[in-house]
Amino acid sequence: MSRLIVISNRVSAGGGAQGGLAVALTAALREMGGIWFGWSGDVTEEFSGHISFRRRGGVTTATIDLEEQDVAEYYDGYANRTLWPLFHYRIDLAEFERDFAGGYQRTNERFADTVAPLIEPADVVWVQDYHMFPLGAELRKRGLKNRIGFFLHIPWPPRRLLVTLPEAPDLVRALLEYDVIGFHTEEWLQSFCDYARDELGGTIDGHDLLTLGDRTVRLVACPIGIEAKEFAELATQDVARETCERVIGSAVGRALIVGVDRLDYSKGLEERFLGYERFLSEHPEERKEVVLLQIAPPSRGSVDSYQRIRSTLEGLAGRINGAHAALDWVPIRYVNQGYSREVLAGVYRASRVGLVTPLRDGMNLVAKEYVAAQDPANPGVLILSRFAGAAEQMTDALLINPHSAEEIADAIRQALRMPLDERIRRWRALMDGVLEQDVFWWGRRFTDALMAEPVEAA
Ligand code: GDG
């Protein structure tokens, strides 16, 4: 059987504090076997291409260190200051610098130089995310004939936004060197087609074959899931149970509303706080009946826009608490630190409402985790942004426009008043989807497409 070579910017360190992508890939690699290659997260004085191999959590990892300039231009720069904001429709935050683009290309070449010798002819290669658009093309330049796939974990922006990126034509042409490109949703897939067709003259054959010049690539909409069964079980085990009891106890009879997000402007935290404030102002009678618990571990702290969102939220939480708090009640508990997955599972289970309101999100795994952690006999209600990729699948959530404080406020009220039979009906439908289209389903669906017969140019 072919091995799977996963290549992504960061390789999971194992352990409890893994992000959504890390959990998903560890699970896929455990099932299929192979190597996970990427940046160690460490900096070296001079790039050497030295690879550190480790076996952790049933997965072999191969990591390299990068130079400080690579990190500044490729990671903090092009990936997080240019591509991330632009691909989340935040052209106002995107920084266009030739040095960033140059460093991004150079670092991708370094990744290609180091990983190419590890890849055997029968291996299947799966490259992850926006840090690595050009990697497939660089591997082809080094003679690789393997099946190489690419999966984008973030949205693909509309054509009218993408044309602002000077390197967009080159990046899209480089993507054509992959055999299969995966997106979470039809919407992101269609935006990619629009750009390739209208800006570059590509042709779309049927629904899923895109041809540009002498290259044809297969496009798949393949929504990522979670380890649903395992997460549901985790939510009933000791740590989660104790957490659940402690959190419910601390709310002294009030309904808990929970948010869990990396501290990132795409997650709509500011708008969420404003929506909750609106709810408090419009329904003073509900005031002391609820508590919003927002867990937001800081991320990408070296990027200015992330420092700004942090101080904006601190100010906003302080203002709302100042205006509404009573002697024995604080409306928002805002926590800037991460917790283990076991603890998170317990917090989700303790919460009557899961508030997931990104302004744009490729998928959003918190929405799925919240559902998986619920007590089937007394489940909470998921409020979900229409602009999360997850909304395409999770139509039994209360879907809202996260820009509208009114819609958020109305949905909170509706969720708090929802009768048990409706909560159970909605949760059951959501849970069936989360269980069926889990992370293993995602991994198989993508790798099946990647290992299918090569496509011929039309
Ligand atoms: C990208 C895309 C896409 C959060 N706080 C803690 C913690 N988390 C975990 C959550 C969840 C993960 O991080 C976040 O995943 P999301 O999907 O919500 O968002 P991104 O990190 O932006 O991920 C996204 C994803 O890739 C996969 O394709 O869904 O759209 O943006 O698993 O639980 N985990 C722990 N402690 C925390 O405090 N342990």
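In listed order, ligands and their atoms are each counted from 1. Below, all heavy atoms of this structure are taken into account, side chains as well, without hydrogens, waters or symmetry copies.
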Under 3.5 Å, is there a donor-acceptor pair linking the side chains of Tyr306 and Asp264? yes

Ignoring hydrogens, just give me the one of Arg360, His153, Lys267 whose non-hydrogen atom is nearest atom 20 (P) of ligand 1. Lys267

Below 4.0 angstrom, N of the basic side chain to O of the carboxylate: do Asp361 and Arg386 qualify? no

What part of Val260, side chain, backbone, both or neither, has a heavy atom within less than 4.0 angstrom of ligand 1? side chain

Would you give the length of the straight line joining atom CG of Leu344 to atom OH of Tyr339, rounded to the nearest 0.5 angstrom? 9.5 Å

Glu369 N/O under 3.5 Å from ligand 1 N/O: yes

If the cut-off is 4.0 Å to any non-hydrogen atom of His184, which atoms of ligand 1 fall inside it? 28 (O)

Side chains of Gln294 and Asp261 only: does a donor on one sit below 3.5 Å from an acceptor on the other? yes

Quick check: does Pro297 get an N/O under 3.5 Å from an N/O on ligand 1? no

Closest candidate by heavy atom, reference atom 34 (N) of ligand 1, pool Val347, Leu365, Leu344: Leu344

Between Asp70 and Arg106 (salt bridge meaning N to carboxylate O under 4.0 Å), is one present in this structure? yes

Partner residues of Ser52 under the side chain to side chain donor-acceptor pair (under 3.5 Å) criterion, sequence neighbours left out: none

Ligand 1 and Asn364, any nitrogen or oxygen pair closer than 3.5 angstrom? yes

Applying a 4.0 Å heavy-atom criterion (strictly less than), which segment of Trp84 is in contact with ligand 1: side chain, backbone, both, or neither? side chain

Can an N or O of Ile224 be found at a distance shorter than 3.5 Å from an N or O of ligand 1? no

Do Glu271 and His403 have side-chain atoms, one donor and one acceptor, less than 3.5 Å apart? no

